[in-house]
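Excluded from the calculations below are hydrogen atoms, water molecules and symmetry mates; all remaining heavy atoms, backbone and side chain alike, are included.
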Amino acid sequence: MKAKGENPCRTCGACCAYFRVSFYWGETDKAPGGYVPSELTAPLPPFYHLMRGTDRNPPRCIALEGEVGHSVRCRIYERRPSPCRDFGVQWRNGRVEITPEMLERCNRARMAWGLPPLSVETQQTRTSLSSKVAEGTTRRRKTIRDFPSSARNHPAV
């Protein structure tokens with residue numbers, strides 16, 4: 001994982017080049033109150049759209065700029081669809097906050113791109129930190145390392 005203070009998502013982009021991103025059509029800017037640029041989407045009948053490029057093999061979102069694993073950005077970050085907003089990776093106070101389920105999905109995408117898995121502190125680790133510090137032991141980290149080596153599968157976000 002990147003050192004504390006560096007957002008690993010800014011050098012990753014693996015999720016944007018691994019998962020299909022589909023969402024309700026009403027999120028596009030052609031619908032009242034919609035915000036996702038419709039020119040970057042494709043219909044997925046009957047009620048959905050998807051981000052162009054994420055329906056291909058290999059997938060890569062049309063809004064992703066840069067080189068996966070080095071330096072990336074979403075050119076519609078403020079207007080990104082709900083699956084991207086809800087992915088579960090949060091960057092707060094110089095630390096990654098993520099649920100175990102989303103950590104597994106994130107690391108599955110990272111592995112497909114040959115990137116090392118993220119290692120994050122778990123809630124249990126934070127809860128027991130004071131007793132471990134008193135004992136003089138170090139914190140344990142949870143790392144997702146075991147992934148199936150089967151052919152790449154591109155599930156929807």
Side-chain angles (χ1 to χ4, degrees), residues 1-31 34-45 47-126 141-157:
M1 185 166 112
K2 295 288 183 185
K4 180 181 172 186
E6 295 179 27
N7 184 341
C9 297
R10 290 188 178 157
T11 59
C12 184
C15 60
C16 308
Y18 183 76
F19 296 106
R20 184 184 78 190
V21 180
S22 55
F23 50 94
Y24 183 63
W25 72 270
E27 291 184 45
T28 66
D29 58 9
K30 286 191 175 180
Y35 47 87
V36 180
S38 58
E39 66 274 9
L40 302 181
T41 70
L44 185 64
F47 303 109
Y48 291 90
H49 272 236
L50 56 83
M51 290 303 296
R52 289 190 187 277
T54 65
D55 58 338
R56 297 193 175 108
N57 191 7
R60 183 183 170 101
C61 181
I62 192 170
L64 180 65
E65 292 181 338
E67 185 179 348
V68 173
H70 296 283
S71 178
V72 294
R73 76 177 198 94
C74 175
R75 63 187 172 116
I76 62 164
Y77 186 80
E78 294 302 321
R79 299 176 67 194
R80 69 195 187 281
S82 59
C84 303
R85 292 175 186 275
D86 299 339
F87 189 69
V89 179
Q90 301 295 319
W91 184 250
R92 293 191 179 112
N93 301 317
R95 293 184 185 264
V96 171
E97 293 181 10
I98 188 170
T99 65
E101 296 80 18
M102 289 298 159
L103 178 62
E104 189 277 330
R105 295 182 83 203
C106 172
N107 282 334
R108 188 172 2 131
R110 289 177 64 84
M111 183 179 181
W113 280 93
L115 300 172
L118 290 182
S119 175
V120 297
E121 187 177 290
T122 64
Q123 179 62 41
Q124 179 182 2
T125 303
R126 286 191 298 274
R141 302 262 177 191
K142 179 178 180 182
T143 304
I144 302 297
R145 295 175 193 235
D146 301 321
F147 296 97
S149 59
S150 61
R152 214 164 118 176
N153 157 340
H154 306 289
V157 172

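Looking at Val21 and Cys61, their side chains never come closer than 4.5 Å, going by heavy atoms from C-beta outward. Side-chain contact between Phe87 and Cys106: present, with at least one pair of heavy atoms (C-beta onward) separated by less than 4.5 Å.
What you find for Leu64 and Gly13 is that their closest heavy atoms are CD2-O, 3.8 Å. Considering every non-hydrogen atom in both Ala109 and Phe19, the closest pair reads CB-CE1, 3.9 Å. Between Ala31 and Gly26, the closest heavy-atom pair is CB-O, 3.5 Å.
Residues forming a side-chain hydrogen bond (donor to acceptor under 3.5 Å, both in side chains) with Ser71 (at least two apart in sequence, or on another chain): none. Residues forming a side chain to side chain contact (heavy atoms under 4.5 Å, CB included) with Cys12 (at least two apart in sequence, or on another chain): Ala14, Arg110, Leu115.
Ion pairing between Glu101 and Arg105 fails under the 4.0 Å rule for side-chain N and carboxylate O.
The distance from the CZ atom of Arg108 to the SG atom of Cys15 is 12.0 Å, given to the nearest 0.5 Å. Annotation: the span from Thr54 atom OG1 to Leu44 atom CG amounts to 9.0 Å, rounded to 0.5 Å. Residue Thr99 holds its OG1 atom at 11.5 Å from CD of Glu97, rounded to the nearest 0.5 Å. Distance check: Arg80 CZ to Cys16 SG gives 10.0 Å after rounding to the nearest 0.5 Å. The CG atom of Asp86 sits 8.0 Å away from the CE atom of Met102 when rounded to the nearest 0.5 Å. Atom CG in Asp55 sits 11.0 Å away from atom OG1 in Thr41 (nearest 0.5 Å).
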Would you sort out whether Phe23 and Met51 count as a side-chain contact (heavy atoms from CB on, under 4.5 Å), showing the intermediate values?
CA-CA 9 Å; Phe23 50 94; Met51 290 303 296; 3.9 Å; yes
Verdict with supporting geometry, Tyr18 and Val68, side-chain contact (heavy atoms from CB on, under 4.5 Å):
CA-CA 11 Å; Tyr18 183 76; Val68 173; over 6 Å; no
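The salt bridge (charged side-chain N to carboxylate O under 4.0 Å, His left out) contacts involving residues 69-79 comprise Asp29-Arg79, Glu65-Arg73, where partners must be two or more places apart or lie in separate chains.
For Arg20 and Tyr48, the positive end is not near the middle of the six-membered ring at less than 6.0 Å and at most 45° from its axis.
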